[in-house]
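Since this is a predicted model, take the numbers as computed values, not measurements. Any value given below was found using the heavy atoms of this structure, including those in side chains, with hydrogens, waters and symmetry copies removed. Lettering of chains follows the sequences in order, A, B, ..., and the numbering in each one begins at 1.
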Protein chains: 2
Amino acid sequence: MPKVLVVDDDAHIRELVRLYLEDEGIEVVQKRNGAEALEYAENHSPDLVVLDIMMPGMDGWDLCAKLRELGDMPILMITAKDELADRIKGFKLGTDDYLVKPFDPTELTLRVKALLKRYRITCSQTVQLGDLQLDRKSYQVVYKDGLEVTLPMKEFELLYKFGSYPGQLFTRDHLIGEIWGKDYEGDERTVDVHIKRLRERFAEHESDFRIVTLRGLGYRLEVCRD
Amino acid sequence: MPKVLVVDDDAHIRELVRLYLEDEGIEVVQKRNGAEALEYAENHSPDLVVLDIMMPGMDGWDLCAKLRELGDMPILMITAKDELADRIKGFKLGTDDYLVKPFDPTELTLRVKALLKRYRITCSQTVQLGDLQLDRKSYQVVYKDGLEVTLPMKEFELLYKFGSYPGQLFTRDHLIGEIWGKDYEGDERTVDVHIKRLRERFAEHESDFRIVTLRGLGYRLEVCRD
DNA sequence: GCTTTTGTTCATACTGAGTTCATACAAATG
DNA sequence: CATTTGTATGAACTCAGTATGAACAAAAGC
């Protein structure tokens with residue numbers, strides 16, 4: 001399920017966008033300003049960002065530039081007026097598409113879907129984890145020396161999750177929700193088994209990270225620095 | 001060098017586009033109408049098509065639909081007026097982007113470049129796959145020793161797809177959408193059979209690649225390193 | 001027409017990822 | 001230190017997902 005971050009100071013617009021996108025099975029997260037958006041993007045890596053140029057505080061341009069530093073998620077800009085100069089500036093900053101206010105929500109939906117589709121194909125989602133590289137396109141773990149190992153789905157998803165947010169605590173509940181799906185009706189303890197398998201998988205390789213148990217809370221990935 | 005097909009009955013516009021795109025190192029081919037454009041596209045597979053909706057004879061909509069049958073090259077439409085209904089219709093037909101007349105050539109250039117980048121255009125219609133070479137025009141596989149084998153369409157398209165993105169995971173759903181067409185209403189499992197046939201076709205030849213199953217996910221082409 | 005090639009569906013067997021479970025272990029609590 | 005609570009682990013089990021052969025359909029050659 002794709003996750004789209006919508007950044008606008010106008011709650012009405014955010015809601016409008018949410019309504020339409022959720023109809024298409026897209027998860028929508030709303031933020032009011034650049035600072036909040038940036039913080040969210042850092043921790044949750046949305047699949048796409050819809051942002052308004054005119055915002056108090058950090059404006060759309062700054063946010064766009066900062067988001068580009070985080071990764072290459074597609075960005076769709078909403079401009080108040082159809083200024084060509086703005087559009088050119090945006091393209092140079094790495095924006096992928098434009099909409100001019102007032103926009104038709106249907107068109108927004110279509111453009112978002114088109115971008116998401118393209119992004120899936122062209123952008124490799126990869127996470128660096130010490131000497132390892134996790135490639136979501138191939139579900140492979142690539143070692144520093146070039147050795148490639150394909151992990152089972154759940155194991156990969158878990159490691160990818162941990163690797164995306166090193167140091168962050170994940171409750172079993174949260175992991176189940178994100179990886180298994182919110183309507184999973186099995187035993188929460190199955191997470192333990194997969195963690196165990198991940199541990200023994202990388203135990204032999206003297207890896208520079210480990211998954212730590214926080215008793216009563218969950219798990220956390222710890223990167224060992226030398 | 002990317003190759004862009006520009007379709008418009010107005011020679012001035014074609015020339016304008018040509019001037020700007022060639023400045024960016026893009027090869028431009030001009031056609032005056034839908035019929036000519038279609039014939040060209042069939043034989044030369046441009047990397048991107050810029051087309052005007054308003055044309056005598058076959059209009060932009062028809063051309064767009066027919067181009068889509070040929071392949072999934074990106075299409076940028078030029079509309080005379082900014083009609084939302086048109087844009088929505090276009091998106092449904094598979095258009096990737098829009099420009100409204102009169103447009104700024106600079107913006108056209110930016111959008112064309114963005115689209116090409118998004119599609120990660122590779123201009124050759126052949127794919128090297130270890131010792132094999134896949135020629136999309138003839139649906140032939142050429143072996144290192146010069147032996148040429150013509151594959152059945154589906155098998156070739158599959159192998160070509162895999163060969164174009166080695167290591168990348170493809171879900172059955174995605175393969176069906178790209179090769180069979182988005183409105184295919186058959187059993188998804190038919191992919192399995194074609195994969196199986198591809199496997200047994202190249203099993204005897206000791207090939208340096210293989211199609212790997214990712215349980216619950218799809219398939220992936222793995223190139224064996226020596 | 002007929003044969004051959006290509007594509008799809010189906011039934012069956014098979015595999016292994018994912019789950020569950022029982023037990024052993026470790027950490028907190030009083 | 002005894003008890004409780006939470007976690008680790010090995011192994012068994014289950015079943016969704018896959019491989020495969022063959023039958024069937026449809027198109028392309030002859």
Side-chain angles (χ1 to χ4, degrees), chain A residues 134 136 138-141 149-162 169-204 210-222, chain B residues 69 134 136 138-141 148-162 169-204 210-222:
Chain A
L134 311 183
R136 204 152 196 290
S138 61
Y139 274 73
Q140 270 185 331
V141 173
V149 178
T150 306
L151 299 191
M153 176 166 44
K154 295 285 194 260
E155 272 180 59
F156 184 91
E157 295 283 10
L158 270 173
L159 189 61
Y160 191 86
K161 195 83 192 160
F162 280 114
L169 165 70
F170 291 100
T171 63
R172 288 181 183 75
D173 193 49
H174 182 226
L175 292 170
I176 290 277
E178 292 270 300
I179 297 172
W180 276 256
K182 331 222 167 203
D183 48 351
Y184 173 80
E185 288 295 337
D187 191 342
E188 213 181 37
R189 286 289 160 192
T190 193
V191 174
D192 299 26
V193 180
H194 287 102
I195 296 281
K196 174 207 141 202
R197 287 179 183 163
L198 273 176
R199 279 169 173 163
E200 58 192 18
R201 188 182 292 276
F202 295 102
E204 56 202 272
R210 56 186 170 160
I211 298 170
V212 180
T213 306
L214 298 183
R215 198 186 165 80
L217 299 169
Y219 297 96
R220 179 166 66 80
L221 185 123
E222 207 167 73
Chain B
E69 289 170 16
L134 310 183
R136 199 154 196 286
S138 61
Y139 279 72
Q140 272 185 332
V141 173
E148 297 180 356
V149 179
T150 307
L151 297 191
M153 192 193 338
K154 296 287 193 251
E155 273 180 57
F156 183 90
E157 294 284 8
L158 272 173
L159 191 59
Y160 191 85
K161 196 82 192 159
F162 281 115
L169 164 72
F170 291 99
T171 62
R172 288 181 183 74
D173 193 48
H174 182 225
L175 292 170
I176 289 278
E178 293 271 302
I179 296 173
W180 276 258
K182 338 209 169 206
D183 47 354
Y184 173 80
E185 288 295 337
D187 192 343
E188 214 182 35
R189 286 289 159 193
T190 193
V191 175
D192 298 27
V193 180
H194 290 284
I195 295 281
K196 174 203 141 203
R197 288 179 183 165
L198 271 175
R199 279 169 172 163
E200 56 192 19
R201 186 182 294 276
F202 294 101
E204 55 203 272
R210 56 183 170 165
I211 297 170
V212 180
T213 306
L214 299 184
R215 195 170 259 258
L217 298 167
Y219 297 96
R220 180 165 66 76
L221 184 123
E222 202 170 88

query = Looking for any heavy atom pair under 4.0 Å, which part of the strands does B:Tyr219 touch: base, sugar-phosphate only, or nothing?
reply = sugar-phosphate
task = Assess whether side chain to side chain contact (heavy atoms under 4.5 Å, CB included) is satisfied between A:Val149 and A:Gln140, documenting all intermediate values.
result = CA-CA 6 Å; A:Val149 178; A:Gln140 270 185 331; over 6 Å; no
query = In whole angstroms, how far is the C1' atom of D:dT7 from the NZ atom of A:Lys196?
reply = 13 Å
note = Nucleotide by nucleotide, nucleotides 7-15 of chain C touches protein heavy atoms under 4.0 Å in the pattern (B base, S sugar-phosphate only, - none) BBB-----B
query = Taking CZ from B:Arg201 and C1' from C:dT6, how many angstroms apart are they, rounded to a whole number?
reply = 10 Å
message = Without decimals, in angstroms, what is the distance between B:Asp173 CG and D:dT18 C1'?
response = 17 Å
query = Rounding to a whole Å, what distance do you find between A:Leu217:CG and C:dA27:P?
reply = 15 Å
key: OH on A:Tyr219 to OG1 on A:Thr213, rounded to 0.5 Å   = 5.0 Å
key: Whole-Å gap separating P (D:dG17) and CD1 (B:Ile195)   = 18 Å
request  = Consider only side-chain N and O atoms of A:Tyr139 and B:Arg220, and report whether a donor and an acceptor are under 3.5 Å apart.
outcome  = no
task = Check whether any side-chain N or O of A:Thr213 sits under 4.0 Å from OP1 or OP2 of D:dG6, and answer yes or no.
result = no
message = Taking any heavy-atom pair under 4.0 Å as a contact, classify B:Leu151: base, sugar-phosphate, or nothing.
response = nothing
ask   = Got B:Glu188 and B:Asp173 here, is their nearest side-chain heavy-atom distance under 4.5 Å?
value = yes
Side-chain donor or acceptor of B:Arg199 paired with backbone N/O of B:Ile211 under 3.5 Å = yes
key: Separation of D:dA19 P from B:Ile211 CD1 (nearest whole Å)   = 10 Å
query = Whole-Å distance between C:dA17 P and A:Glu200 CD?
reply = 13 Å
note = With sequence neighbours left out, the residues meeting side-chain contact (heavy atoms from CB on, under 4.5 Å) with A:Arg210 are A:Val212, A:Glu222, A:Cys224
query = How long is the line joining CD1 of B:Ile179 and P of C:dT6, in whole Å?
reply = 17 Å
Flag, side chain of B:Arg215 to backbone of A:Pro152, donor-acceptor distance under 3.5 Å = no
